[in-house]
Each structure stands twice: as structure tokens, then as C-alpha cells.
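Everything below concerns the one structure shown next.
Note that these values count all heavy atoms, side chains included, but never hydrogens, waters or copies made by symmetry. Nothing here was measured: the structure is a model prediction, and the numbers come from that model.
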Amino acid sequence: MKYRETLKIMTIIGARPQFIKASAVSRAVKNHNFRNPEGVYIQEVIVHTGQHYDENMSRIFFDDLALPEPDYNLGVGSASHGMQTGEMLGKIEKVVYTEYPDMVLVYGDTNSTIAGALIASKVKYDESCLNKNRKQCSSFTNKALRPILVHIEAGLRSYNRRMPEEVNRVVSDELSDILFCPTDTAVKNLKKEGIGNNKVSRIDLSANRPSCIVFNAGDVMYDTALYYLKIAEKKPDILNRMNLFDSKNNLRPFILCTVHRAENTDDTIRLRSIIKALNYVSDQGIKVVLPLHPRTRKIIGQNNIAVSFEIFEPFGYLEMILLEKHAVAIATDSGGMQKEAYFFKTPCITLRDETEWIETVKSGWNILAGADTKKIIKYCLSVAEGKGKNKEVPFRSSGKSKKTAFNSNNYYGSGNASDKIIEYLLNLCNYSSTKTL
Ligand code: UD1
Ligand code: UDP
């Protein structure tokens, strides 16, 4: 292959949802390189911070989603926020000064996100290093002082600063040069903070206050969900181990549940209320399937919280999306799963007091129950009794048709967000190839 030039991007990931998001963009990179043998070659350097490390929190996603092996695994592991983020900072900085990427891509809102964002904003490439190390880099960025920082899944807000994720989002968005939003709401959230109000067609990294670009590309998680659902549906036997089929081999109704957010696990009163509700639902004969995040498993054990149904280890992605598709409802505090419920038209009961994914609530497919035992029970029983069946809107209190015009009203794009992101980044390179950064 005779590529014209090389654009080097560094993908920084570390937690479960980031493997899922990055796999879509990685696939788009691979497709681009394959289809354009004489164009710009995108070299992706994958850095795994090691924030998640258990087999079923990390390795399984690289296998399920054909994500390339990380070029670097920083092995940071678990610790307090300061210790964990601090160790990431030192190690990511070292890798950036080894690789000199043109762009650094960070995803979502974890400690791995904020660490990547801080380093990409603070490193300083000096001329001699650039000449020595970055001979093949694109004309767009080879005079840049630092890598361009790209935030994928930018602009999400819960407006609850007690959430560690909200702090990570606000800081990462503020620092980013290119912000790919998954929804119009996210674009509006950024505008309210003065991010992306100006029309910019290039990034000037040498400016005192570099301008930034905000673009709604759609949601990369939707890309992954659409792509892998087809694959998962060809392997229905992956559900056999969950004991979901009756004697006639029909799928029994079940509620799929996950709990891992700090607000629900660190506060054992909330955790007890949630488990109490799920125990009650299970006692009514409705199967509850709970693949448990190690954080929650630990806290349930330490506090002797009684669970009256079977608990599973975390599932792989293919298992998970099949379960999401077939569940009568999903009860979760996960951000990603609220959206996946919507993608698959499965009613969602959110175990939080607010959500960043407000479209899912507005559309009537998601409802906030917080950690309120009574509400969780009420909503779980109502969907088990048939609300949301035949894909009717489960939670709309009043209003028009009970059937949503789902396809024409998809808030999360068309399943090609990652292609759009890659195309956008390449276009930006062309714009700027004659300009000095
Ligand atoms: C992190 C993210 C959260 C995201 C979640 C996805 C931050 C601040 N939070 O939360 O936004 O929703 O990932 O799942 O970045 N543990 C293990 N094995 C592992 C990973 C974690 O046992 O492989 C346990 C450890 O006890 C650890 C605890 O889980 O202390 C929490 O892990 P951590 O990565 O700090 O935060 P999450 O709760 O996973
Ligand atoms: N997920 C999974 N197995 C599990 C739990 C979640 O594959 O046991 C997937 C889920 O389908 C979604 C993503 O992990 O794609 C969500 O990650 P998580 O809930 O950990 O983080 P959040 O989205 O809340 O940041």
C-alpha cells in the first residue's frame, strides 16, 4: 500500500463502556485504511490505562468486539480517585512523549477520560523532538505544539457535580479541541457553557485560548449495538447458561438489572432500597437477571445485604445486548444501558434521580425511579404485566399515539457515527494542510 501520509491518533481507554465505544471508531479506522490505499493512513495507537482489569471487565470486550490489542497497557488498576488519576497522568504522559500522536481521542466520562484530556492539553512538543520522532506525521499537525484533543461523547450533563463522572465531563469538554456530541441535547449543553458557539473550520493550537469545534456525529454506542446485535442473534445459545427458558423452550419473562454507580453503591441505604425492590419483584415470580459489577459485589458482601435471586458475574457484550433485546425491562443506573434499552425498544427503569440521556425519558421509554423501593417495584410490575409489550410506549402518561415513530425519531444518529467522526477528522486535516498551526 502506498499511503500519501500518516495521521497518528492515540486512543485512550480503560473502563468497560470505553472499549465498547472505541471499538466502533477502531473499525471505522480499519475500513478507511482498507478502502483508501493511496490516501491518508490512520495509525491508531491504543492505550489501555488498566482502570478495569478483570477478565470479564476488560479482556472479554477486546475478544467480543474485535478491538485491536492495546499497544500499551498502563496497568493502573483500582485506587482512590486521586491516586488512580495521578498514576494515569504520569504514565500517559510518558507514552505521549514516546509516540507523539497528532491527535488524542478520549471517550465518555471516566477517570481515564480526564487523565487523557489533561495530558493532551498540557504536553509540549518541542521542535527537535518533532523532527526526530514525527517524520511521517501529517502536514496538518507536524508543527503542532501538542496533540489535538478529541472528545467522543462530549456534552453530556447531569448537572449533578457530586457525580465523579460529571466532573470528568466538564473538565474534558472544557479542554477539548474537537467535541463529538452524540445528541442535539449535548450540543445545546455545550453552547450554554460557551463551548462551540463560534464557527471554526480549523484548530489553532498556538492561540492563547484555542477555539474548538463541536459536531453532532451521532452516538458511537448505537453503531456498536446495531453492528453486534446481528452477530449476537446468530448465537442465541449464549443465553443458555442463564436459565431463561421454560420446559417448552420459550423464553421466560425477565428483568435485566445492573447497579454500579457510586451514588448507589457508596450509599448503602440506596443500595439496600434497590436490592429490596428487586427481591420483591423476584418473589413475585418475575426472574431478575443481575450481572454484578465487582464494585457492587464487594459492597453487598461487606454489608451482608441479602439477595434472593441468582447473581451473575458481568456478562460479555454479545450476551448483554441479546439479553437487553429480550428483557421485558431493564432496571439500571448505567448510562450506556439506558440508551441500549431505547435502541432495542425495551422499557427502562433508571435507578438514578437524574439522567444525561433525557431523550429516552421524553420519548416514554425510560423512567426515573431513583433508589425508591416503591417506585422500582411499581414500574417493574407494570412492565411485567405488559406495558411496553408489542413495542408500545411504556411510560407516556398522556399524549398522542402509543406507538412511537421510532425510526424517524432516532435521537442517536443512524448507526454511522464513527464513520462520520473519521471523515470529519480527515477533512479537517485537508483544510489545514497549508496552514501553520
Ligand atoms: C467507572 C467509571 C464510571 C463507569 C464505570 C463503568 C470513574 C470515576 N467511574 O466506575 O463512570 O460507569 O467505570 O463500568 O471512572 N473493580 C474490580 N475489577 C475491575 C474493575 C474494578 O474489582 O476490573 C472494583 C475495584 O474494587 C474498584 C471498584 O471496582 O475499586 C471501582 O472501579 P473504578 O474503575 O474505580 O470505578 P467504576 O465503579 O468501575
Ligand atoms: N455491559 C456488558 N456486560 C455487563 C454490564 C454492562 O457488556 O455485565 C455493557 C452494556 O451493554 C453497555 C456498557 O457495558 O454497553 C455499559 O457500561 P457500564 O454500565 O459499565 O458503564 P456506563 O455506561 O454507566 O458508564
(message) Using only atom types and a distance under 3.5 Å, with no angle test, would you say the side chain of D54 pairs donor to acceptor with the backbone of N56?
(response) no
(request) With sequence neighbours excluded, give me every ring pair (Phe, Tyr, Trp, His ring centres under 6.0 Å) pair touching residues 146-188. (result) F180-Y424
(message) I'd like to know if R169 and D109 make a salt bridge, using a cut-off of under 4.0 Å between side-chain N and carboxylate O.
(response) yes
(request) Measure the shortest side-chain to side-chain distance between V45 and T11 over non-hydrogen atoms and say whether it is less than 4.5 angstrom. (result) no
(request) Could you check L292 against F312 for side chain to side chain contact (heavy atoms under 4.5 Å, CB included), going step by step and ending with a plain yes or no? (result) CA-CA 6 Å; L292 209 50; F312 295 88; over 6 Å; no
(message) Is it the case that the side chain of D64 and the backbone of G316 share a donor-acceptor pair, with hydrogens and angles ignored and the cut-off at 3.5 Å?
(response) no
(request) Answer yes when D177 and R146 have at least one side-chain N-carboxylate O distance shorter than 4.0 Å, and no when they do not. (result) yes
(message) For the residue pair S158 / E354, report whether a side-chain donor-acceptor contact shorter than 3.5 Å exists.
(response) no
(request) For the residue pair I195 and L179, establish whether any side-chain heavy-atom pair is separated by less than 4.5 Å. (result) yes
(message) Under a plain distance cut-off of 3.5 Å, with no hydrogens placed, do H260 and S334 share a side-chain donor-acceptor pair?
(response) no
(message) Using modelled atom types and a 3.5 Å cut-off, is there a donor and acceptor pairing between side-chain atoms of N168 and backbone atoms of I114?
(response) no
(request) Could you tell me whether the side chain of T346 and the main chain of E324 form a donor-acceptor pair under 3.5 Å? (result) yes
(message) Closer than 4.0 angstrom, basic N to acidic O: yes or no for K188 and E193?
(response) no
(message) Can you list everything that forms a ring pair (Phe, Tyr, Trp, His ring centres under 6.0 Å) with H52? Sequence neighbours excluded, please.
(response) H293
(message) Just verifying a value: how many Å separate I152 CD1 and I421 CD1, rounded to the nearest 0.5 Å?
(response) 4.0 Å
(request) Return yes if some donor-acceptor pair links the side-chain N/O of S282 with the main-chain N/O of F309 below 3.5 Å, else return no. (result) no
(request) Working to the nearest 0.5 Å, report the span between CG of L425 and NZ of K420. (result) 13.5 Å
(request) Measure the spacing between CD of E392 and NZ of K345 and express it to the nearest 0.5 Å. (result) 10.0 Å
(message) Surrounding CD of E38 (heavy atoms of other residues, nucleotides or ligands, distance under 6.0 Å), is the total greater than 12?
(response) no
(message) For N366, is there any backbone N or O sitting under 3.5 Å from a side-chain donor or acceptor partner on T360?
(response) no
(message) Within this structure, what is the CG-CG distance for the pair L226 and L229, rounded to the nearest 0.5 Å?
(response) 8.0 Å
(message) Regarding R59 and D63, does a basic nitrogen lie under 4.0 Å from an acidic carboxylate oxygen?
(response) yes
(request) Give a yes-or-no answer on whether the side chains of T258 and T332 include a donor-acceptor pair shorter than 3.5 Å. (result) yes
(request) Ignoring hydrogens and angles, state whether a donor on the side chain of N73 or Y53 is under 3.5 Å from an acceptor on the partner side chain. (result) no
(request) Answer yes when E263 and R352 have at least one side-chain N-carboxylate O distance shorter than 4.0 Å, and no when they do not. (result) yes
(request) Salt-bridge test for D266 and R295: reply yes if a basic N is under 4.0 Å from a carboxylate O, no otherwise. (result) yes
(request) List for me each residue that meets side-chain contact (heavy atoms from CB on, under 4.5 Å) alongside T373, sequence neighbours excluded, and say none if there are none. (result) S273, K276, A277, I377
(request) Please tell me if the side chains of N410 and Y222 come closer than 4.5 Å, counting only heavy atoms from C-beta onward. (result) yes
(message) I'd like to know whether the aromatic ring centres of F19 and Y317 sit less than 6.0 Å apart in this structure.
(response) no
(message) Testing the basics here: between A28 and D419, what is the closest heavy-atom pair and its distance to 0.1 Å?
(response) CB-OD1, 3.4 Å
(message) Tell me if a side-chain donor or acceptor on Q338 pairs with a main-chain N or O of D333 at a distance below 3.5 Å.
(response) no
(message) Could you tell me if T113 and Q18 have a donor-acceptor pair between their side chains, going purely by distance under 3.5 Å?
(response) yes
(message) Taking OH in Y280 as the centre, count heavy atoms belonging to other residues, nucleotides or ligands within less than 6.0 Å. Is the count above 12?
(response) no
(request) Please determine, by modelled atom types, if E44 and S26 share a side-chain donor-acceptor pair under 3.5 angstrom. (result) yes
(message) Determine whether a donor-acceptor pair (N or O, by modelled atom type, separation under 3.5 Å) exists between the side chain of K91 and the backbone of L74.
(response) yes
(message) Between E233 (side chain only) and K230 (backbone N and O only), is there a donor and an acceptor less than 3.5 Å apart?
(response) no
(message) Under a 3.5 Å distance rule, please check whether E385 uses its side chain to pair with a backbone N or O of S382 as donor and acceptor.
(response) no
(message) Looking only at the side chains, is there a donor atom on one of E359 and Y342 sitting less than 3.5 Å from an acceptor on the other?
(response) no
(message) For a 4.5 angstrom cut-off between non-hydrogen side-chain atoms, does F215 reach C181?
(response) no
(request) Using the side chain to side chain donor-acceptor pair (under 3.5 Å) rule, take N189 and R157 through it: C-alpha gap first, then chi angles, then the decisive distance, then the call. (result) CA-CA 7 Å; N189 291 343; R157 293 292 181 270; over 6 Å; no
(message) Any non-hydrogen side-chain atom of V40 less than 4.5 Å from a side-chain atom of N36?
(response) no
(request) Flag the pair M320 / L256 as yes when at least one side-chain heavy-atom distance between them is below 4.5 Å, and no otherwise. (result) yes
(message) If the threshold is 4.0 Å, N to carboxylate O, is there a salt bridge linking K235 and E319?
(response) no
(message) Between the side chains of R261 and E165, is the shortest nitrogen-to-carboxylate-oxygen separation below 4.0 Å, so that they form an ion pair?
(response) yes
(message) Between E99 and K8, does any side-chain N to carboxylate O distance fall below 4.0 Å?
(response) yes
(message) Check for me whether R27 meets the cation-pi criterion with Y227, that is, NZ or CZ under 6.0 Å from the six-membered ring centre and within 45 degrees of the ring axis.
(response) yes
(message) Rounded at 0.5 Å granularity, tell me how far CZ in F315 sits from CG in L290.
(response) 8.5 Å
(message) Contact between Y412 and M221 at the side-chain level, heavy atoms closer than 4.5 Å - yes or no?
(response) no
(message) Regarding Q84 and N111, do their side chains bring together a donor and an acceptor under 3.5 Å, going by distance alone?
(response) yes
(request) Report the distance from atom CD1 of I275 to atom OG of S308, rounding to the nearest 0.5 Å. (result) 9.0 Å
(message) In the structure I gave you, are the side-chain heavy atoms of E356 and T185 within less than 4.5 Å of one another anywhere?
(response) no
